[in-house]
Amino acid sequence: MLNFTVDKELCNSCGLCAKDCPARVISMEEGGIPFIPAQKEAGCYRCQHCLAICPTAAVSIMGVKPSECVSLKGNYPEADKVEILIRGRRSVRRYRDENLPAELIARLVEVASQAPSGMNARPVVFTLVDDKEVLFKIKSELYSGLAKLAADGRLPPGLEFFGDFARVWRERGQDVIFRGAPHFIVASAPVGALV
């Protein structure tokens with residue numbers, strides 16, 4: 001349920017929410033108050049852009065109220081610190097052999113799901129393996145499958161080295177692909193989606 005509501009005392013009838021709606025589902029009443037016609041609700045992307053762009057904090061949607069949101073003004077990180085983080089960040093290749101707390105994983109996935117996408121459609125689906133024992137079983141199956149493909153000469157041209165990964169796993173227990181990560185996440189989207 002969208003639960004699109006407008007505080008009529010705060011709304012200044014600027015129409016920005018309607019003009020900037022990526023799905024074009026917001027209309028303006030004669031009195032200048034925005035609304036979403038029932039027949040257009042299914043077309044809403046649920047991106048909450050209307051809430052974010054409202055200059056008077058009059059719009060609420062999906063149970064999210066402007067008063068419960070953190071203002072971006074004054075909360076941006078310093079540009080120099082962002083640059084240092086970007087330049088200094090490297091891929092993690094050593095992990096602790098333990099599960100992360102479920103609450104932390106849920107928060108990270110929720111934050112990632114808020115990343116901008118084409119037209120704010122947010123079509124990305126996250127598939128998460130959040131238990132190291134389950135991931136170990138998946139790894140074992142993967143390496144076994146790679147070993148079989150390599151033995152049958154069926155690895156795609158240029159990817160024959162994956163057979164070596166399977167051999168190293170079998171002979172030394174060395175995990176070259178996952179590198180011992182306790183969790184695994186796949187981000188996927190439909191073919192042709194704007195991400």
Side-chain angles (χ1 to χ4, degrees), residues 1-92 95-96 99-130 181-190 192-195:
M1 186 165 142
L2 286 182
N3 194 20
F4 180 85
T5 59
V6 177
D7 185 325
K8 294 181 180 178
E9 291 183 18
L10 293 176
C11 181
N12 66 4
S13 302
C14 67
L16 276 177
C17 56
K19 290 175 194 164
D20 236 33
C21 174
R24 303 282 187 246
V25 297
I26 301 175
S27 301
M28 299 294 287
E29 290 179 355
E30 294 219 5
I33 301 298
F35 74 105
I36 299 178
Q39 67 272 20
K40 289 188 173 182
E41 279 197 11
C44 176
Y45 296 155
R46 290 165 168 70
C47 65
Q48 301 174 6
H49 189 65
C50 50
L51 180 150
I53 198 168
C54 180
T56 60
V59 174
S60 298
I61 189 167
M62 297 168 50
V64 179
K65 300 173 184 167
S67 60
E68 298 168 350
C69 299
V70 176
S71 174
L72 289 176
K73 189 173 184 178
N75 284 309
Y76 285 111
E78 294 173 28
D80 290 347
K81 290 185 178 178
V82 173
E83 180 182 349
I84 290 168
L85 179 62
I86 291 170
R87 289 178 180 270
R89 189 73 178 98
R90 297 293 180 266
S91 294
V92 174
Y95 301 90
R96 293 182 187 159
N99 286 325
L100 288 172
E103 306 80 33
L104 176 58
I105 293 175
R107 181 178 180 197
L108 292 172
V109 171
E110 170 60 23
V111 169
S113 74
Q114 300 299 318
S117 61
M119 296 174 20
N120 280 337
R122 293 180 14 206
V124 178
V125 174
F126 296 98
T127 305
L128 172 68
V129 177
D130 62 356
H183 306 299
F184 184 66
I185 189 165
V186 176
S188 57
L194 298 171
V195 293

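- Summarising the geometry, atom CD belonging to Glu41 is positioned 8.0 Å from atom CE belonging to Met1; distances are rounded to the nearest 0.5 Å.
- Residue Cys54 holds its SG atom at 13.5 Å from CD of Gln48, rounded to the nearest 0.5 Å.
- From Asn12, atom CG reaches atom CD1 of Ile33 across 9.0 Å, with rounding to the nearest 0.5 Å.
- Closest non-hydrogen pair, Lys19 versus Cys14, comes out as NZ-O, 3.5 Å.
- Counting only heavy atoms from C-beta outward, the side chains of Phe4 and Val59 approach each other to under 4.5 Å.
- A pairwise comparison of heavy atoms in Gly43 and Ala23 identifies O-CB, 3.3 Å as the closest pair.
- The neighbour count for Gln39 CD, taken as heavy atoms of other residues, nucleotides or ligands under 6.0 Å away, is above 12.
- Among all heavy-atom pairs drawn from Met28 and Phe35, the shortest one is C-CE2, 3.9 Å.
- Heavy-atom contacts from other residues, nucleotides or ligands closer than 6.0 Å to CD of Glu68 number more than 12.
- Side-chain atoms of His49 never come within 3.5 Å of backbone atoms of Pro22 as a donor-acceptor pair (strictly under, hydrogens ignored).
- A distance-only check finds a donor-acceptor pair linking the side chain of Asn75 to the backbone of Ser71 [under 3.5 Å].
- Across all non-hydrogen atoms, the minimal contact from Pro182 to Asn99 is O-OD1, 4.3 Å.
- Between the OG atom in Ser60 and the CG atom in Leu51 there is a gap of 6.0 Å [rounded to 0.5 Å].
- Note that CZ of Arg46 and CG of Leu2 are 4.5 Å apart. Values are rounded to the nearest 0.5 Å.
- Arg107 places no side-chain N or O within 3.5 Å of a backbone atom of Ala102 that could act as its donor or acceptor partner.
- Judged by distance alone, with hydrogens and angles left aside, the side-chain atoms of Thr56 form a donor-acceptor pair with the main-chain N or O of Leu10 at under 3.5 Å.
- Residues Val6 and Pro34 come closest through the heavy atom pair CG2-O, 3.5 Å.
- One distance of note links CG of Asp130 with CD1 of Ile105; it measures 5.0 Å at 0.5 Å rounding.
- For the side chain to side chain contact (heavy atoms under 4.5 Å, CB included) criterion with Ile61, the lone passing option out of Cys17, Cys44, Cys47 is Cys44.
- Residues Val82 and Pro77 come closest through the heavy atom pair CG2-CG, 3.5 Å.
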